[in-house]
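Below is one structure, written out as structure tokens; comments come after it.
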Amino acid sequence: MHLSYGNIFVECEGKSSEINVLRNILTFPDGKENTECLLTEDLLGGHIFLSGLFNIVRKNLDEMEIPYTVSGAPLLNDLDSIQVDDDILEGITLRPHQNRAVFKSLYNKRGIVYLPTASGKTAVAGALTKTFDENKTLLVVPGVNSLKQTYQSFKEKGIDNIGRIGDEFSETDSQHTIAVVNSLYRRIQNCDESIQKILSEAKLLQLMEAHHTPANMWSTVARNCFSEYRIALSATPFSQPDTPISYRDHLLVGATGDVIAYTPEYLLMDQGFLSSPHVITVDMTGPFLKHTNWQIIKSKCITKNDVRNEAICHIATSLCDENHKVMTLVNETTHGDLLCKMMSKGRIEPIYMFFGGSKLSTYKNGNKVGTQTIPIDKLSKDLLRKDSYCLVGSPAVHEDADFPDVDTLIVAGAGRSFQHTVQSAGRALRGSSRVWVIDFMDKTGFVMLSQSKARLKWYVDRYSKAKRFVLSQVENADEAIQLVLNDT
């Protein structure tokens with residue numbers, strides 16, 4: 001068998017039995033009780049796979065003692081050629097873990113930078129962009145909020161000549177481009193020549209938080225981009241914490257490569273770069289629902305569960321009254337709308353709900369009184385000036401917006417996903433002071449209970465090694481409120 005390594009694909013030549021071995025190596029579960037294979041045929045009938053999977057294939061072939069030859073194997077950079085000095089990074093101050101990530105990216109040329117939520121991945125992306133200031137670069141982001149925040153951050157770091165591509169922008173003649181992935185994907189599908197030019201000329205491709213974008217979108221971008229340097233940055237690159245398992249996980253590895261830099265949350269918490277959370281789970285009892293239909297469970301146990309909703313509102317408004325900055329995360333905007341109406345009844349201060357994009361709704365006396373368009377950076381600054389606030393975040397906010405001064409996070413939705421749980425909790429970890437993450441131990445059905453236990457497991461797995469981590473389990477909302485006030 002012969003493997004010919006290329007920038008995007010590895011070409012394979014061998015007997016049919018050897019190709020079948022490759023097919024087995026490159027077949028992965030798709031998360032829906034089926035499998036998908038990442039060994040495909042090219043236009044001439046040959047067999048190819050994504051270059052980022054090269055090490056996985058070689059490891060498996062070595063373990064099976066199957067002989068093979070290689071041509072064009074990837075070359076690492078010469079250590080002496082890597083220059084990341086103060087002159088290049090003027091305007092950017094890197095912490096040790098960020099500096100290490102930049103160095104590893106330049107040395108390996110491709111791979112996954114695995115850094116926690118709120119640990120400064122944008123600073124890493126900015127530093128990498130600055131080191132390629134004489135070349136063209138492309139940074140792909142998941143949504144319009146991250147586009148606007150990244151653009152503003154890059155400007156503040158002294159990066160000029162930046163173009164934006166998204167629903168509101170089409171700036172295709174710049175040296176550095178920041179693009180929303182779904183907009184980029186559509187324009188690739190439409191054979192947009194200006195996009196093809198960007199993809200062909202970029203020397204550096206960065207995929208920011210690729211894990212929660214539909215895999216076919218960023219995979220299509222990566223397959224059409226000829227960049228020599230290909231870096232993914234994510235707090236949760238895989239569906240499980242430590243290793244790629246699913247087809248989707250391996251698509252990301254295929255697009256960029258293996259994990260090249262990893263820093264766990266607890267190290268940054270102990271160093272004062274991230275907040276150490278006090279996780280509080282509130283028991284939620286009620287009629288035990290035996291349904292397995294998720295739509296019924298969601299309606300009865302979450303969205304229309306009066307007892308649970310009242311507990312959420314009581315915690316949020318009580319802590320807001322004690323000068324806490326509270327964000328409540330919901331999985332559906334209809335649930336968020338209901339909670340905002342409940343929270344705002346009889347209150348002088350308004351309740352806010354932030355949607356995807358730049359939409360902010362205001363609620364007073366149980367009613368929505370208006371919706372405005374406000375840039376997320378302006379909203380963050382406006383909220384920063386307040387002594388306290390009560391904000392409800394729509395599903396888009398879970399991973400596509402940063403509010404650095406949130407000190408209390410209420411998880412009002414449900415679910416068991418590692419990625420969703422860690423990303424949601426990460427909304428409150430930016431900073432060095434104590435933060436509180438309030439979740440529910442839902443004892444209203446087998447499904448709800450199993451999801452609550454799964455989220456609790458992820459909190460413990462990710463944060464319990466931090467010296468100041470605290471986990472408390474309480475019976476009701478009042479006990480949760482008192483715990484926060486006593487821990488302040």
Side-chain angles (χ1 to χ4, degrees), residues 82 84-86 88-108 111-128 130-131 146 149-150 153 156-157 206 208-209 211 231-238 241-242 259-280 324-325 327 380 384 399 401-409 418-419 421-437 457-472 484 487-488:
I82 300 175
V84 186
D85 55 35
D86 292 340
I88 293 174
L89 298 183
E90 184 180 359
I92 301 178
T93 301
L94 295 177
R95 293 167 175 169
H97 68 280
Q98 295 166 326
N99 199 46
R100 185 168 57 251
V102 171
F103 182 86
K104 290 277 191 178
S105 299
L106 295 174
Y107 176 63
N108 289 276
I112 298 170
V113 172
Y114 188 171
L115 295 179
T117 302
S119 64
K121 290 183 290 297
T122 302
V124 173
L128 286 171
K130 271 210 162 186
T131 62
S146 50
Q149 288 187 318
T150 305
S153 175
E156 291 170 356
K157 291 174 172 56
Q206 298 183 86
M208 182 70 80
E209 304 291 11
H211 64 274
I231 305 297
L233 303 100
S234 176
T236 52
F238 308 131
D242 299 320
V259 173
I260 55 173
Y262 170 61
T263 303
E265 287 93 340
Y266 75 89
L267 286 180
L268 299 184
M269 290 173 181
D270 289 348
Q271 293 167 8
F273 295 139
L274 291 182
S275 302
S276 292
H278 183 166
V279 175
I280 302 171
H324 281 268
K325 297 183 177 184
M327 176 183 284
S380 296
L384 199 60
E399 304 183 46
D402 290 322
F403 295 93
D405 61 332
V406 169
D407 62 50
T408 308
L409 185 80
F418 156 71
Q419 291 175 323
T421 302
V422 173
Q423 288 287 341
S424 296
R427 298 308 98 198
L429 299 184
R430 198 176 300 273
S432 58
S433 58
R434 167 69 83 202
V435 296
W436 296 268
V437 176
K457 176 183 181 299
W458 296 133
Y459 294 136
V460 172
D461 285 355
R462 299 303 288 187
Y463 309 134
S464 62
K465 289 183 180 179
K467 294 175 183 176
R468 295 186 64 229
F469 172 80
V470 178
L471 173 66
S472 302
V484 173
D487 191 32
T488 301

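- Qualifying salt bridge (Lys or Arg N to Asp or Glu O under 4.0 Å) partners for D461, counting only residues two or more places apart in sequence or in other chains: K457.
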Requested in this report: Report the C-alpha separation of I260 and I231 in whole Å, then their side-chain angles, then the decisive distance to 0.1 Å, and conclude whether the side chain to side chain contact (heavy atoms under 4.5 Å, CB included) test is met.
Outcome: CA-CA 9 Å; I260 55 173; I231 305 297; 4.2 Å; yes

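- Using cut-offs of 30° and 60° on the angle between ring planes, the pair W436 and H324 is perpendicular.
- With sequence neighbours excluded, no residue forms a side chain to side chain contact (heavy atoms under 4.5 Å, CB included) with T93.
- What you find for A261 and A101 is that their closest heavy atoms are CB-CA, 4.0 Å.
- Evaluation of the side chain to side chain contact (heavy atoms under 4.5 Å, CB included) rule for A123 yields L94, Q98, K157 as partners, not counting sequence neighbours.
- Under the salt bridge (Lys or Arg N to Asp or Glu O under 4.0 Å) criterion, K121 pairs with E209, sequence neighbours left out.
- Put simply, the side chain of T150 gets close to the backbone of S146: a donor and an acceptor are under 3.5 Å apart.
- Put simply, OG on S119 and CG on L233 are 9.5 Å apart, with the number rounded to the nearest 0.5 Å.
- Here the side chains of V435 and L429 are in contact, with some heavy-atom distance below 4.5 Å.
- A search for side chain to side chain contact (heavy atoms under 4.5 Å, CB included) contacts involving A425 returns Y459, Y463, not counting sequence neighbours.
- Among residues at least two apart or in separate chains, salt bridge (charged side-chain N to carboxylate O under 4.0 Å, His left out) pairs with a member in residues 260-274 are E265-R462.
- Remark: the backbone N or O of L115 is not paired with any side-chain donor or acceptor of H97 at under 3.5 angstrom.
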